[in-house]
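Just follow the structure's listing: the first ligand is 1, and inside any ligand the first atom is 1. Starting from 1, each residue takes its place in the sequence as its number. Heavy atoms only: backbone and side chains are in, while hydrogens, waters and symmetry mates are out.
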Amino acid sequence: MSKAIVSTLYDSDVFRMACRQFDKAADAISLPDAIRDRTKYPRRCLAVSLPVKRQDGSVTVFEGYRVQHNLSTGPSKGGIRFHQHVTLGEVAALAMWMSWKCSLVGLPYGGAKGGVIVDPNQLSLSELEHLSRRYMQEMVNFLGPHTDVPAPDVGTNERIMGWMMDTYSNHVGHLAPAVVTGKPIALGGSQGRREATGAGVAYLVKKYLGDLKAPINKATVAIQGFGNVGSETALALSASGAKIVAISDYTGGVFNAKGIDVKKALAYLAYAKVLKDWDGGEPITNEKLLELKCTVLIPAALERVITEKNAKKLQCRVLAEAANGPTTNTADRIIDARGDIELIPDVLCNSGGVIVSYFEWLQNLSNFYWSRDEVMEKLYGILDKAKDAVDAQKRKFGFSRRLAALTLGIQRVADAKAARGLFP
Ligand code: NAD
């Protein structure tokens with residue numbers, strides 16, 4: 001008999017959402033009680049204070065977290081988020097999703113996630129560097145190439161990964177590139193990593209449009225979030241002939257029925273930093289963007305944006321979850337009941353990022369580097385296999401695609417835990 005724990009540490013809307021998803025999947029595969037809670041709850045976490053000297057001479061103390069959800073199937077893997085609304089519960093939910101994602105696509109990793117409560121747009125470059133290095137310094141004994149390997153997420157990027165790698169390497173006394181992925185190429189980053197998540201999203205979108213016999217050159221696409229994932233997805237889909245009709249960032253969006261010029265939007269962003277006031281179309285709010293009539297809707301920003309309020313109003317044929325956790329459980333049920341939207345669940349849809357992070361880690365450990373073509377070919381091979389497995393599971397049990405993906409991911413983690421046993 002297992003005694004269920006109630007987690008007070010992580011309690012939050014988003015952690016409860018991840019737990020309910022787990023419970024539903026665990027019920028669907030009749031996961032034995034003895035293994036349930038061990039599989040469900042994060043293994044451990046670290047919370048740290050991060051004092052940073054500001055340019056005006058004052059000191060600000062930021063709070064940072066790292067949650068390692070599962071270490072039974074390999075080192076844990078997951079991004080680090082810098083955002084003003086980060087909470088420990090959010091980081092725990094994201095870590096949980098990383099476990100199912102790595103397991104679903106067959107990577108030898110557990111799941112983890114990190115975060116710092118900070119708006120990185122309010123920091124100077126040197127303050128950002130100090131914060132990033134301090135975060136890694138505080139985490140030095142908690143992570144490592146064979147324990148836990150971070151990567152970029154919202155608000156972090158290649159440059160930050162480079163600073164973190166340098167800090168860790170200085171601490172251990174030798175170059176240790178495999179401690180983080182998503183690094184600049186000059187520091188052992190992988191060809192194709194920067195575009196991997198977006199390229200993977202675009203690849204799966206094209207596959208599902210193919211299944212629906214919907215030609216890509218007639219497809220219209222709306223994308224919420226125009227950072228690493230959103231912009232790379234836009235570039236890849238527009239290069240394939242799709243028309244990107246709307247993009248957005250935290251300042252709002254731009255709509256253009258004739259098609260957004262993605263490269264011009266990126267050029268504008270490079271100096272203006274935000275999309276606000278860009279003249280490549282008409283302004284549109286983030287809320288309205290989600291309700292646009294389009295072939296493919298791609299949330300690529302934050303969690304819980306598709307809710308019971310707007311799920312009925314979606315007018316897309318394919319909902320590709322490039323962000324983690326963009327759809328609440330109630331919205332998920334509404335979309336399921338509607339039956340007219342093909343949903344590509346986050347754990348499958350955005351898995352290209354962690355797949356190429358795995359390639360980067362392998363290249364670092366072996367000191368043997370691959371060409372971009374090799375990276376992309378291997379990436380698409382893994383995505384094909386994962387898509388086929390999810391769709392077979394969906395057909396076999398009559399599950400939704402999300403339930404199919406989660407049950408596959410959760411089962412493997414639970415099997416590994418059961419096989420390893422529990423010492424007294
Ligand atoms: P990013 O920081 O590069 O970009 C985030 C984008 O979202 C920015 O354009 C930002 O302005 C926008 N945004 C932030 N708050 C918003 C709001 N309230 N409304 C609308 N837009 C908002 O981050 P990213 O790496 O592109 O990550 C985006 C999503 O993809 C996240 O859910 C992340 O967890 C997920 N993801 C990222 C990767 C990766 O490799 N970077 C891999 C898998 C999943």
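In the candidate list Asn121, Asn157, Asp153, Asn350, Asp153 is nearest to atom 34 (O) of ligand 1, counting heavy atoms. When Gly352, Ser231, Gly353, Gly227 are checked for heavy-atom proximity to atom 6 (C) of ligand 1, Gly227 turns out nearest.
With hydrogens left out, the protein atom closest to atom 7 (O) of ligand 1 is Ala301 CB, 3.4 Å, a heavy atom. Nearest protein neighbour of atom 18 (N) of ligand 1, counting heavy atoms only, is Leu302 CD1, 4.1 Å.
Of the polar atoms of His83, none of the N or O atoms is found under 3.5 Å from an N or O of ligand 1, judged by distance alone. Residue Arg81 has at least one nitrogen or oxygen atom sitting less than 3.5 Å from a nitrogen or oxygen atom of ligand 1, judged on distance alone. Checked against a 3.5 angstrom limit, the closest N/O atoms of Val229 and ligand 1 fall inside it. For Ala323, no nitrogen or oxygen atom sits less than 3.5 Å from a nitrogen or oxygen atom of ligand 1, counting backbone and side chain alike. Note: an N/O pair closer than 3.5 Å links Thr197 and ligand 1 by distance alone. Ligand 1 has no N or O atom lying under 3.5 Å from any N or O atom of Lys113, backbone or side chain. Note: no N/O pair closer than 3.5 Å links Glu303 and ligand 1 by distance alone. In terms of N/O distances under 3.5 Å, ligand 1 is not approached by Thr156. At least one N or O atom of Phe226, backbone or side chain, sits closer than 3.5 Å to an N or O atom of ligand 1.
Under 4.0 angstrom from ligand 1, the non-hydrogen atoms of Val154 come from both its backbone and its side chain. At a 4.0 Å heavy-atom cut-off, ligand 1 touches Arg193 through the side chain alone. Residue contacts with ligand 1, taken as heavy atom pairs separated by less than 4.0 Å, do not involve Val354 at all. Of all the heavy atoms of Ala196, none lies under 4.0 Å from any atom of ligand 1, so neither backbone nor side chain is involved. The backbone of Ala322, and not its side chain, has at least one atom closer than 4.0 Å to an atom of ligand 1 (non-hydrogen atoms only; backbone = N, CA, C, O).
For Asp166 and Arg133, the salt-bridge test passes: some basic side-chain N is under 4.0 Å from an acidic carboxylate O.
When each of Gln68, Glu138, Met139 is tested with Leu46 by the rule side-chain contact (heavy atoms from CB on, under 4.5 Å), just one qualifies, namely Met139. Each of Trp100, Tyr41, Tyr109 was evaluated against His69; a single residue qualifies, Trp100, per the ring-ring contact (aromatic ring centres under 6.0 Å, His included) test.
With Thr295 contributing its side chain and Thr220 its backbone, the two residues share a donor-acceptor pair below 3.5 Å.
The aromatic rings of Tyr135 and Phe82 lie perpendicular to each other, with more than 60° between the two planes, well past the 30° mark.
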